[in-house]
Structure formats: C-alpha cells, structure tokens
Asker: 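Dropping a structure here in structure tokens format, bear with me for questions.
Chain naming here is simple, since letters A, B, ... match the order of the sequence lines and numbering starts at 1 in each. Excluded from the calculations below are hydrogen atoms, water molecules and symmetry mates; all remaining heavy atoms, backbone and side chain alike, are included.
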Amino acid sequence: MSDVTSAAAPAPSDFIRDIVAQHVAENRYAKIVTRFPPEPNGYLHIGHAKSICLNFGIAREHQGQCNLRFDDTNPVKEDIEYVQSITTDVQWLIAGWADHCLGFKPKGAHPAKVTSNGQPDYYLAPVAPGAGSEAFFASDYFDQLYDYAIELIRRGKAYVCDLSPEDTEKYRGAPDRPGQDSPFRNRSVAENLDLFQRMKAGEFPDGARSLRSKIDMASPNMWLRDPLLYRIRHVAHHHAGDKWCIYPLYDYAHCLSDYLEGITHSICTLEFVDHRPLYDWVLESLGLPRTLPHQYEFAKLNLAYTLVSKRKLLQLVNEKVVTGWDDPRMPTISGLRRRGIPASALRTFVTGVGVTKFDSLTEAAVFENAVRNDLNAVAQRRLAVLKPIKLVLTNIAAGEVIECDATNNPQDENPTTRKVALTREVFIEAEDFAEVPPPKYFRLKPGGEVRLKYACIIKLDELVKDAAGAITELRCTAQLDTRSGQPNADKKVKGTIHWVSATQCIEAEVRLYDRLFTVAEPAAEENFLKVVNPKSLEVVTAKLEASLAFARHGELYQFERLGYFTPDAKDSVPGKLILNRTITLKDTWAK
RNA sequence: UGCCCGAUGGUGUAAUGGUAGCACGAACGACUCUGACUCGUUCUGUCUAGGUUCGAGUCCUAGUCGGGCAGCCA
C-alpha cells in the first residue's frame, strides 16, 4: 500500500458533525438519515459537491443513509434531463466512498400507510440503488402533501387566499414594517376546504388563489407572514404527469418530504436560516406521530474565479459562452469530470474547506493543489510536445531508432517503464529554446547543453533560419554515452526537457483550458459575461509519443513538465485523439 | 433604520474556559534525468470596548464591519 492511500485522512470535524455526534451519543435516533435534495433545474456544480460530501459523509461516518431526493415542486423550471444528469453526477462523486449509504426507493413507490406510536402515518422506506429502484422525488408525495394541507385547514392553520400575487406582496409589508392580514384570512374551515378542493380540481386560473399558512402577518421574520403553501399552475409535471394543477411550495413540501423519508438531519445552506421556524411550524402544526427531522444550516462554497449559481451557469450555456453544461471549463460536476478531475480530488477539496457558518471565498490554489496532489499519485507520465520546434541530432543516422526506457510513474513504489524512440529528428517545446536566454535559463540556448529526458544530453551547435529570419530547425549533437546505462549517464546538466520523435510520434488535438473568468469574484460583477476570460480555451495540434495512440477516456496522464491531460469523453475517437488539459503542473519559474 | 446569521495570519480552517495549531499561499534554501514531486527554514492572526473568571479566541453586554430576509423560486 502506498503512502498516499495508507495515510488515514483525518476524520472531518465541524459544528454539524458535532451536533450529529451528540445525538448519536444520546441515542436519539435509531439511524442517522440525511438527504441531498437538488431541484432538477440545472446541472450540479462544485458547490453541490460540498453538500453531497457533507450529507453522504455524515451518513457513512455513522453507518447511516443519505437519500437522493429531487425537490421537484416547481414544474415550470424543471426537466427530466436534469434528473438524469444529477443522478449520474451524484453516483460518480460518491462511488467507492459512500455509495453504500445512498438511499433510493423502489421505482414508482409512494409513501405507504403505516402505524407509528399507535397513530396512522406515512413512510417511504429506502432500498439500495440498482435495477428497479430510483431516486426519491418530492412529487411522489403530492397526495400526502395534499392530505396534510387538508388537515392544516381543519386545524385552522391554513386558508385559501384570493389576493393576487401583487396584492399578496403589498399585504406582506416590509422587513421594517409589519404586514396586514389578508381579507380572506378568517374564512370558515368549510369554505377553505371547498375552495382548496376546487383549486385542485382546476376551477381557477393560475395565480387566482393560493393556500396560505395562518401564522403572523406582523412577525419580524418575513417568512412567518402567512407564507404560501400551494399555488395554482396549470402545467404538467415531468415526474408526476398531468394529475396536478396545484403545486406545493418549498417550505411546505421540504419539511414534510424529510418527515416522510424519516430524515433525521436536514442540512441546507445559510439562506434558509430564516425559514427554519417555518420548517418547524409546519411539522409541529400537524401533530405528526414520529420523531421530527430538524434543519441545520452551513455556508455554501464560494470559489475564486468560478461561478456557483445554476442560473448564471445556465446563462453561460444559453448564450453559448461554453459548449454546454459539461464544457470542461464549467464548474459543474460533469464539466470537472470531463476535464479530468477525479472524484477523489473533488471530495478531498470540498472536505478540506470545512463546514462553517462563515461566508468565505476559497482561493483557487486550494482547489488546484487538491487536484495536483491526487493526479500526481496516479497519472501515467508521457512525453508530448504542445508547441513544437524541430531539432536535428546530426550524429544520428536517418532511419536509426534508439530505444529508451521511460518511467511510467516515479511516484509508484515499483515504477514500471516503457520504450520511447529516439531518432535523428525530434520535436521539442518551442518554449524550451531561447536564442537570447534570460538570466538563470536552464533550457536550450546557443552553444548550451541540455538533457532530453530519458535519452541523452545534447549540445546545440547551429540554428537554421528561414528567409524571414525565423528559426526553423535546431541542429544538435547527441552525447549518446550519457544515456541511462552508458558510461557518462551520470553527467549533470542544469536542464532536462521533454521531446518526441518527429518520425515516430502521433498528432492529437489538445484543448488547453484556463480559468473561465478574469476576476476572482465574477458573481460580484454587474455583468459577469463581461469578465469571461477570452483565453479560457486554446486548441493546439500536439505531437505525442506513439504509445498514446490508444489512449481512452478515463485514463489520466501527466505530460512531463506540462501538466495533466485526459482524452475527452465526448469528442475523442480512435484515430482522432482529442485531449483536455486538466491542469498545468505548478510552475515556480514562469512567474 | 425590523429580524436573523457571522467575524481567528494573505486565504480557508482548528482549538468545546487552560501552550493559538493545520492546510493552502508567499519568500529563501536543499534535492532533482519533470524549474514537478519531496525536504528544510522563514512570514503573518483571535474586529473594538467593557464585563464575568485565578485564567477568555471561547461566556455576557454594547458597538463596528460583513452577509441573509420583502418569489405564487429553491
């Protein structure tokens, strides 16, 4: 076992895990059950990765379970495409780490009638993912939610309101000014029951009426001023079909969904702190027979030079700033995956930033460090030249091939090797030669010596220029006795550069990605589209060592001295290789 | 001029009334057939003012600063 894998990762600790640990110590719950509840209205991004790792992490630390649940109560914004991408992304992120904690439900299952503490109750039991199972959907609870709404009306805790959306807003008041009771607030239970049933039956147009909680229009907490429970929307639902024309709102549906699934800890982001009293109000108002779930909030992830807003990411997609949600420049999980970032690196990163209630901005270097650390241990080393310049080894005959052993990964305990061909003509990186070198330049310069990695030391004898004065060829002498195993193998030179044989290489398209934005906080811009980095993608035709000919998606490479690369999942095909640069190597010289 | 949440080096985070630690970063150095990796040295911190206490980053009060809340979005 390597040092990397044997070094036990420190057990994460944060204020939410402390609370859960306390509950476990108190034996408060039979099992810890969390949930990851995305709305299927966009692709998951790196901010969601933090929430996924928190929720699944807590579940795995306590032999618990974490349900994937689609919070799909607003059909006008949601789409089946997103439920598919989200399911894929979640499973990819937790694979080999917390997949045994993932809670699904039998396909098509709805909450079942059960008896809890002698009272009638509803509960939806989880199953392991697999054939015949699917994620949970809040929309599978619409029947129960409707029944619970009836119960709220019967208890005098909800009423049908005829105020228009505009008037509802006016009656709500402002943060520093109390609202006013709706004129429909004191309807009889019978009238509310009748009206709500007719809302469900489709008798009223969108926005004509709503079902509202009856709490306190003068509350200093805006979310307690009789927030809406149901609105009328005459649209079909991507999962529930066309059965409904009234749809529950988040605050009403979420807490009850948690309850129906037996969630113990409902973890969300800080903007819901103000909603917590409402979360509790709904559950407590119904006199439910089982232990109630509780909500805990943490600060969402903010990462420098990246956007974590589904709405803005959608805009980048719609305005074709990127090629799609899974463009390798996107901070979406699918984009990061396509770029070549391992799930383990993502997990290490989001776990490392911690969980607090402080609204922070994490430096890009922290993310980059996590990616490089992860990749350094596993990426196979290869030689590739991105921007070639031809170099002729004048003392090697045309047609002669000298085989050299190249190490596949020096980080391995017992590194393996492969053969690379040294020939008379090779390509080196244009950047690795300077006719007029700056101070402390270790690479090739007129009259200078440098080592061709895994081959031998060479000396630059002559520059060949075209009519315009541009250098077309570097003519060098190969010191063949400095090859590995040869008498002068230990000869030292300051610089070692990468290269590929000009006659035994393959060509490939390589996509060089850079950060998508030019400013650290694109979200703070008046118009984030104006700070898109025009150089976020550069495409080059690179020369690769021949062994890369059959490189496939999923394989992780380090091109020595350049960075980490992986074949593109969508566009790379056998015979026409296309690679994405995941990230460069750290370069302490460039600056 | 309401309510809620927060504040520890440049950044992120730990310390649960008892030695302010870790990571990233930066600088310098060692090593190097990757200017990578690795290793070494150095750098910088408890928002302010009171209070409680033998002792406060931690508890209390006030202030300052930052964030959130007036969707029939989540």
Side-chain angles (χ1 to χ4, degrees), chain A residues 10 13-15 18 37-39 41 71-74 76-78 161 163-165 168-170 172-179 206-212 219-225 227-233 247 249-251 253-254 268-277 297 299 304 310-311 352-370 372-373 376-377 381 383 406-407 410-411 440-443 450-457 482-484 489-498 558-563 584-590:
Chain A
S13 167
D14 55 67
F15 77 100
D18 289 348
E39 183 187 16
N41 67 344
D71 212 344
D72 55 348
T73 57
N74 186 6
V76 308
K77 287 189 175 178
E78 298 157 8
C161 180
L163 249 25
S164 68
T168 303
E169 189 185 329
K170 283 180 194 146
R172 187 154 34 225
D176 56 350
R177 171 167 44 86
D206 290 4
R209 289 182 219 263
S210 62
L211 183 73
R212 289 234 248 165
S219 172
N221 181 343
M222 296 297 289
W223 288 102
L224 259 22
R225 320 247 263 224
L228 275 71
L229 270 20
Y230 271 90
R231 80 281 230 186
I232 300 173
R233 287 284 178 278
Y247 291 97
L249 277 103
Y250 168 85
D251 289 296
H254 200 91
C268 62
T269 45
L270 249 27
E271 64 268 33
F272 294 102
V273 170
D274 291 340
H275 298 231
R276 193 186 333 130
E297 312 87 8
K310 276 197 266 187
R311 186 182 64 78
V353 302
V355 178
T356 66
K357 302 178 88 157
F358 178 65
D359 189 19
S360 60
L361 177 67
T362 299
E363 290 179 337
V366 179
F367 175 64
E368 292 167 356
N369 177 260
R372 290 188 179 113
N373 261 340
N376 181 44
R381 313 288 126 123
L383 294 177
T407 305
Q411 305 290 320
K440 289 193 181 173
Y441 187 78
F442 297 166
R443 288 110 93 164
V450 77
R451 178 177 283 277
L452 295 185
K453 176 108 180 166
Y454 302 127
C456 61
I457 293 170
T482 61
R483 284 145 65 209
S484 181
D490 290 340
K491 178 174 173 181
K492 305 291 181 197
V493 283
K494 199 65 185 162
T496 298
I497 63 173
H498 58 279
Q558 182 197 104
F559 290 172
E560 299 223 26
R561 300 211 309 129
L562 293 172
T584 61
L585 250 30
K586 197 194 283 181
D587 187 351
T588 47
W589 162 252

Asker: Quantified in whole Å, what is the P atom distance between nucleotide B:U48 and nucleotide B:G10?
Answerer: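 Each nucleotide's P atom is 13 Å from the other's.
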Asker: Using a 4.0 Å heavy-atom cut-off across all strands, classify A:Y230 as base, sugar-phosphate, or nothing.
Answerer: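 Nothing: the residue A:Y230, judged by heavy atoms under 4.0 Å, touches no strand.
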Asker: Quick one: A:R225 CZ to B:G71 P, roughly how many Å, whole number?
Answerer: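 Spelled out: CZ on A:R225 to P on B:G71 is 11 Å.
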Asker: What is the distance from CG of A:L270 to C1' of B:A7, rounded to the nearest Å?
Answerer: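 From A:L270 CG to B:A7 C1': 13 Å.
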Asker: Taking salt bridge (Lys or Arg N to Asp or Glu O under 4.0 Å) as the test, write out the residues that go with A:R276, two or more places apart.
Answerer: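 So A:R276 forms a salt bridge (Lys or Arg N to Asp or Glu O under 4.0 Å) with A:E297.
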Asker: When the C1' atoms of B:A30 and B:G21 are considered, how many whole Å apart are they?
Answerer: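 Taking atom C1' in both B:A30 and B:G21, they lie 26 Å apart.
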Asker: Give, for atom CG of A:D18 and atom OG of A:S13, the distance between the pair rounded to the nearest 0.5 Å.
Answerer: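 One gets 4.5 Å once the value is rounded to the nearest 0.5 Å.
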Asker: Considering residues at least two apart in sequence or located in another chain, which fulfil the ring pair (Phe, Tyr, Trp, His ring centres under 6.0 Å) criterion with A:H254?
Answerer: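 Checked A:H254 against ring pair (Phe, Tyr, Trp, His ring centres under 6.0 Å); matches are A:Y250.
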Asker: Polar-atom pairs under 3.5 Å, protein N or O versus N or O of nucleotides 14-22 of chain B: list them with distances, or write none.
Answerer:
{"unit_1": "B:U16", "atom_1": "O4", "unit_2": "A:D18", "atom_2": "OD1", "d": "3.1"}
{"unit_1": "B:U16", "atom_1": "O4", "unit_2": "A:D18", "atom_2": "OD2", "d": "2.3"}

Asker: Would you write out the dot-bracket form of RNA chain B, 5' to 3', with Watson-Crick and G-U pairs under 3.5 Å, [ ] for crossing pairs, | for pairs to other strands and . for unpaired bases?
Answerer: .((((((..((((....[..))))((((((.......))))))...(((((..]....))))))))))).....
Asker: Taking the side chain as C-beta and beyond, is there a heavy-atom pair between A:N221 and A:P277 under 4.5 Å?
Answerer: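 Yes, side chains in contact.
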Asker: Side-chain contact, heavy-atom cut-off 4.5 Å: A:T588 with A:K586?
Answerer: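 In short, these two side chains touch, coming nearer than 4.5 Å.
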Asker: Using atom C1' of each nucleotide, how far apart are B:C47 and B:U8 to the nearest Å?
Answerer: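 Nearest-Å result for B:C47 against B:U8 at atom C1': 10 Å.
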Asker: Can you sort out the partners of A:D14 under side-chain hydrogen bond (donor to acceptor under 3.5 Å, both in side chains), two or more places apart, ordered by chain and number?
Answerer: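 If we apply the side-chain hydrogen bond (donor to acceptor under 3.5 Å, both in side chains) test to A:D14, skipping adjacent residues, the hits are A:R17.
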Asker: With sequence neighbours excluded, what pairs up with A:A455 under the side-chain contact (heavy atoms from CB on, under 4.5 Å) test?
Answerer: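 With sequence neighbours excluded, A:A455 shows a side-chain contact (heavy atoms from CB on, under 4.5 Å) to A:C404, A:L422, A:L452, A:W499, given in chain and number order.
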Asker: Quick one: which of B:C5, B:A70, B:A74 gets closest to the side chain of A:M222?
Answerer: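 Selected nucleotide: B:A70.
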Asker: Can you check the distance between B:A23 and B:U1, where both ends of the measurement are the C1' atom (answer in whole Å)?
Answerer: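 After rounding to an integer number of Å, I get 42 Å for this pair.
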Asker: Assign A:T73 to base, sugar-phosphate, or nothing according to its heavy-atom contacts below 4.0 angstrom with the strands shown.
Answerer: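 Sugar-phosphate only.
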Asker: What interatomic distance, in whole Å, is found between C1' of B:C43 and the corresponding atom of B:A56?
Answerer: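 27 Å, rounded to whole Å.
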Asker: How close do A:R483 and A:C456 get, heavy atom to heavy atom, and via which atoms?
Answerer: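 Where A:R483 meets A:C456 most closely, the heavy atoms are CG-CB, 3.7 Å.
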Asker: Between B:C72, B:G71, B:A74, which nucleotide gets closest to the side-chain atoms of A:S210?
Answerer: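 The nucleotide sitting nearest to the side chain is B:C72.
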Asker: Would B:G57 be called syn or anti here, given the cut-off of 90° from 0?
Answerer: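 The base of B:G57 is oriented anti (glycosidic angle more than 90° from 0).
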Asker: Taking all heavy atoms of A:R451 and all of A:T482, pick out the closest pair and write down the distance.
Answerer: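 Between these two residues, the closest heavy atoms are NH1-O, 3.1 Å.
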Asker: Taking only the side-chain nitrogens and oxygens of A:S360, find out if one of them lies under 4.0 Å from OP1 or OP2 of B:U13.
Answerer: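 Yes, A:S360 has a side-chain N/O under 4.0 Å of OP1/OP2 on B:U13.
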Asker: Write down the distance between NZ (A:K357) and C1' (B:C5), rounded to a whole number of angstrom.
Answerer: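 Result: 6 Å.
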Asker: With respect to the side chain of A:D274, which nucleotide from B:C4, B:C33, B:C72 is positioned closest?
Answerer: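 Minimum distance to the A:D274 side chain belongs to B:C4.
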Asker: Rounding to a whole Å, what distance do you find between A:E363:CD and B:G10:P?
Answerer: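 Taking CD of A:E363 and P of B:G10, I get 11 Å after rounding.
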Asker: Salt bridge (Lys or Arg N to Asp or Glu O under 4.0 Å) with A:R209: which residues, sequence neighbours excluded?
Answerer: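 Per chain and number, A:R209 pairs via salt bridge (Lys or Arg N to Asp or Glu O under 4.0 Å) with A:D162.
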Asker: Quick check on RNA chain B: between A:R451 and A:D176, whose nearest nucleotide comes earlier from the 5' end?
Answerer: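 Nearer the 5' end of the strand: A:D176.
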Asker: In whole Å, measure the gap between the P atoms of B:U16 and B:C60 for me.
Answerer: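 To the nearest whole Å, 16 Å.
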Asker: Does A:L224 reach a base, just sugar-phosphate, or nothing at all? Heavy atoms under 4.0 Å.
Answerer: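 Nothing, no heavy atom under 4.0 Å.
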Asker: Could you check which of B:C33, B:A74, B:G12 has an atom nearest any side-chain atom of A:W223?
Answerer: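 Output: B:A74.
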Asker: Taking atom P of B:C5 as reference, at what distance in whole Å does atom CD of A:E271 sit?
Answerer: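 To the nearest whole Å, that distance equals 16 Å.
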Asker: Starting at CG of A:N221 and ending at P of B:C3, how long is that distance when rounded to a whole Å?
Answerer: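 Nearest whole value for this atom pair: 12 Å.
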Asker: Between B:A26 and B:U11, how far apart are the P atoms? Round to whole Å, please.
Answerer: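 Looking at atom P only, B:U11 and B:A26 are 15 Å apart.
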Asker: Of all heavy-atom pairs between A:F15 and A:V355, which one has the smallest distance, and what is that distance?
Answerer: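 Where A:F15 meets A:V355 most closely, the heavy atoms are CD2-O, 3.6 Å.
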Asker: Report the residues that fulfil salt bridge (Lys or Arg N to Asp or Glu O under 4.0 Å) with A:E560, sequence neighbours left out, ordered by chain and then residue number.
Answerer: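 A:K453.
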Asker: Starting at atom CZ of A:R483, determine the distance to atom C1' of B:C33, rounded to an integer number of angstrom.
Answerer: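 The distance from CZ of A:R483 to C1' of B:C33 comes to 14 Å, rounded to the nearest Å.
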Asker: Roughly how far, to the nearest 0.5 Å, is CZ of A:R172 from CG of A:L228?
Answerer: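 Reported value, rounded in 0.5 Å steps: 7.5 Å.
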Asker: Touch check for A:R172, heavy atoms < 4.0 angstrom, all strands: base, sugar-phosphate only, or nothing?
Answerer: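 Answer is sugar-phosphate: A:R172 comes under 4.0 Å of backbone atoms only.
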Asker: Give a yes or no on whether the backbone of A:P410 and the side-chain of A:R381 come within a donor-acceptor separation of less than 3.5 Å.
Answerer: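 No, the answer is negative, given that no donor and acceptor are paired below the 3.5 Å cut-off.
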Asker: State which residues pass side-chain hydrogen bond (donor to acceptor under 3.5 Å, both in side chains) with A:D359; sequence neighbours excluded, sorted by chain then number.
Answerer: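 For A:D359 the side-chain hydrogen bond (donor to acceptor under 3.5 Å, both in side chains) partners, ignoring immediate neighbours, are A:N302.
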Asker: Is A:L228 touching bases, backbone alone, or none of the nucleic acid, heavy atoms closer than 4.0 Å?
Answerer: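 Base contact - A:L228 has a heavy atom under 4.0 Å of at least one base atom.
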Asker: Quick one: A:K492 NZ to B:A30 P, roughly how many Å, whole number?
Answerer: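 These atoms are roughly 15 Å apart.
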Asker: Sort me out a list of protein N/O and nucleotides 56-66 of chain B N/O pairs below 3.5 Å, or just none if empty.
Answerer:
none

Asker: Classify A:G207 by what it touches in the nucleic acid, base, sugar-phosphate, or nothing, heavy-atom distance under 4.0 Å.
Answerer: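 Base contact - A:G207 has a heavy atom under 4.0 Å of at least one base atom.
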Asker: Encode nucleotides 34-45 of chain B as B, S and - characters from 5' to 3', where the letter depends on protein heavy atoms closer than 4.0 Å: B to the base, S only to sugar-phosphate, - to neither.
Answerer: BBSS--------
Asker: What distance, rounded to whole Å, do you find between the two C1' atoms, one in B:G9 and one in B:A14?
Answerer: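 The answer is 14 Å between these two C1' atoms.
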Asker: What pairs with A:K310 under salt bridge (Lys or Arg N to Asp or Glu O under 4.0 Å), at least two apart in sequence or on another chain?
Answerer: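 Scan of A:K310 (salt bridge (Lys or Arg N to Asp or Glu O under 4.0 Å), adjacent residues dropped) gives none.
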Asker: Specify the residue among A:G173 and A:E78 whose closest nucleotide of RNA chain B lies further upstream toward the 5′ end.
Answerer: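 The residue mapped nearer the 5' terminus is A:G173.
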Asker: Give A:I457 one of three labels, base, sugar-phosphate or nothing, depending on what nucleic acid heavy atoms sit under 4.0 Å from its own.
Answerer: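 Contact class for A:I457: none.
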Asker: Counting the atoms with a prime plus P, OP1 and OP2 as sugar-phosphate, which does A:H498 contact under 4.0 Å by heavy atoms, base, sugar-phosphate, or nothing?
Answerer: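 If one applies the 4.0 Å heavy-atom cut-off, A:H498 turns out to touch nothing in the nucleic acid.
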Asker: Got a second to check how far A:R212's CZ is from A:R231's CZ, nearest 0.5 Å?
Answerer: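 Here the rounded value is 14.5 Å.
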Asker: Contact class for A:R233 (heavy atom, under 4.0 Å): base, sugar-phosphate, or nothing?
Answerer: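 Base contact - A:R233 has a heavy atom under 4.0 Å of at least one base atom.
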